[in-house]
Amino acid sequence: MIVVLGIGPGDDRLILAGATKELKRADYVVGADRQLQTMNVPESKAVKLPPLAQLEEFIREHEQSRVVLLASGDPLLYGIGNWVVKRFGPDDVTIIPGISSIQYFFHQLKLSMNDVYLTSSHGRVPDFDFILEHDTVGMVTDKRIGPFEIAQECKQRGEHRTIFVGERLSYPDEKIGRYTESSVPDQDYQLNVVVIKREG
């Protein structure tokens, strides 16, 4: 049995009720060091997250055990839950949702998520012509295409947008910035989410 457990954006106060019960029932709990520490997983159950090929092998070798895989944010919103379902099929996987960093950020900004387009730039080149057709976009970004690059794509198309940047969301050093496409700094951004909003 494979359980993918969403544990939210980082702050343990945002972990949904029921997560502790899943950990108690688990034979093994797989996660990154930070995730295992956040969830106070006992050493006897903790398995450090390996590369995906090794993770698949581990799960198949322990198919008679209850393996809980920790997922930051929400497992099915650009998360590892998608990979697990593709590899093992929906019938053999239980997904427990979590609060995504995008969802958290919209709430911090007091912005409605109705009719929002959600996407990611992780390992992909986004179609900015399509993205900028939407009034409001939430995007998880990476080092290659982050806030500054998004702003440049807006400028190249002559599109005026308000661009919100949330870094290390829910952590004590959380940082939220509000910019236009012309004012986003060219700098290093930490663990960030971007909201692109058409005003008016």
Side-chain angles (χ1 to χ4, degrees), residues 1-107 113 116-127 137-146 166 168-171 190-194:
M1 166 63 103
I2 310 161
V3 177
V4 185
L5 178 61
I7 62 171
D11 188 332
D12 58 12
R13 295 174 300 172
L14 299 174
I15 298 168
L16 300 183
T20 303
K21 181 172 71 174
E22 287 298 332
L23 296 179
K24 288 179 179 176
R25 297 172 64 194
D27 296 307
Y28 302 98
V29 180
V30 183
D33 287 336
R34 177 185 60 80
Q35 295 170 325
L36 295 168
Q37 290 169 9
T38 297
M39 299 304 292
N40 295 312
V41 178
E43 285 188 20
S44 58
K45 293 185 177 186
V47 177
K48 186 175 179 180
L49 182 68
L52 292 181
Q54 294 175 31
L55 175 60
E56 182 174 356
E57 186 178 334
F58 175 85
I59 292 172
R60 294 195 186 282
E61 287 176 353
H62 296 86
E63 61 184 3
Q64 301 304 315
S65 302
R66 191 175 184 88
V67 177
V68 172
L69 176 60
L70 302 180
S72 295
D74 185 87
L76 293 179
L77 185 60
Y78 298 101
I80 198 166
N82 299 292
W83 176 86
V84 175
V85 170
K86 285 180 183 176
R87 287 293 186 278
F88 299 96
D91 294 339
D92 294 324
V93 179
T94 298
I95 306 280
I96 301 194
I99 297 172
S100 71
S101 57
I102 290 179
Q103 182 183 9
Y104 173 88
F105 193 28
F106 270 90
H107 284 72
M113 292 188 71
V116 167
Y117 178 68
L118 303 178
T119 189
S120 169
S121 66
H122 278 280
R124 66 177 69 192
V125 178
D127 180 349
V137 176
M139 181 184 292
V140 179
T141 75
D142 63 10
K143 293 288 187 185
R144 193 166 57 90
I145 300 178
R168 293 189 56 78
L169 293 170
S170 87
Y171 288 97
Q190 302 296 312
L191 289 171
N192 71 89
V193 172
V194 171

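- In this structure, Y78 has its ring center at least 6.0 angstrom away from the ring center of H122.
- Between R60 and the choices E63, E57, E56, the side chain to side chain donor-acceptor pair (under 3.5 Å) rule is met once, by E56.
- Side-chain contact between P126 and T119 is absent, with no heavy atoms from C-beta onward closer than 4.5 Å.
- Under the 4.5 Å side-chain criterion, counting only non-hydrogen atoms from C-beta, V30 is in contact with P50.
- Here the CG atom belonging to N192 is positioned 9.0 Å from the CZ atom belonging to F105, to the nearest 0.5 angstrom.
- Rounding to the nearest 0.5 Å gives a distance of 12.5 Å between CG of L77 and CD1 of I99.
- Of the possible polar contacts, one joining the D74 side chain to the G98 backbone as a donor-acceptor pair under 3.5 Å is found.
- A heavy-atom distance below 4.5 Å is not found between the side chains of V29 and V47.
- Looking only at side-chain heavy atoms (C-beta outward), L191 and L169 stay at 4.5 Å or farther from each other.
- A pairwise comparison of heavy atoms in T141 and S121 identifies CA-OG, 3.2 Å as the closest pair.
- At least one side-chain heavy atom of L52 sits under 4.5 Å from a side-chain heavy atom of I80.
- In terms of modelled atom types and a separation under 3.5 Å, the side chain of D27 and the main chain of V67 share no donor-acceptor contact.
- Smallest separation of non-hydrogen atoms from G123 and R144: C-NH2, 4.2 Å.
- For the residue pair D12/T38, the side-chain donor-acceptor check at 3.5 Å is not satisfied.
- Taking CD from Q35 and CD1 from I7, the interatomic distance works out to 4.5 Å, rounded to the nearest 0.5 Å.
- Expressed to the nearest 0.5 Å, how far CG of L55 lies from NZ of K48 amounts to 14.0 Å.
- No donor-acceptor distance shorter than 3.5 angstrom exists from the side chain of Q54 to the backbone of P51, with no hydrogens or angles considered.
- With rounding to the nearest 0.5 Å, the separation of CG in L14 from NE2 in H107 is 11.0 Å.
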(request) Would you please test L23 and L5 for side-chain contact (heavy atoms from CB on, under 4.5 Å) and show each step? (result) CA-CA 9 Å; L23 296 179; L5 178 61; 4.0 Å; yes
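- Using a 4.5 Å heavy-atom threshold, the side chains of L76 and P97 count as separate.
- Of all non-hydrogen atoms in S170 and D11, the two that sit nearest each other are OG-N, 2.9 Å.
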(message) Evaluate R25 against E22 for salt bridge (Lys or Arg N to Asp or Glu O under 4.0 Å), listing each step before the verdict.
(response) CA-CA 5 Å; R25 297 172 64 194; E22 287 298 332; 3.6 Å; yes
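- Across G81 and V4, no two heavy atoms sit closer than the pair CA-CG1, 4.1 Å.
- Closest approach of A32 and L49 over heavy atoms only: N-CB, 3.8 Å.
- The minimum heavy-atom distance between I102 and V193, with the atom names listed, is CG1-CG1, 3.8 Å.
- Here the CD1 atom belonging to I145 is positioned 9.5 Å from the OG atom belonging to S120, to the nearest 0.5 angstrom.
- Formation of a donor-acceptor pair under 3.5 Å by the K45 side chain with backbone atoms of K24 is found in this model.
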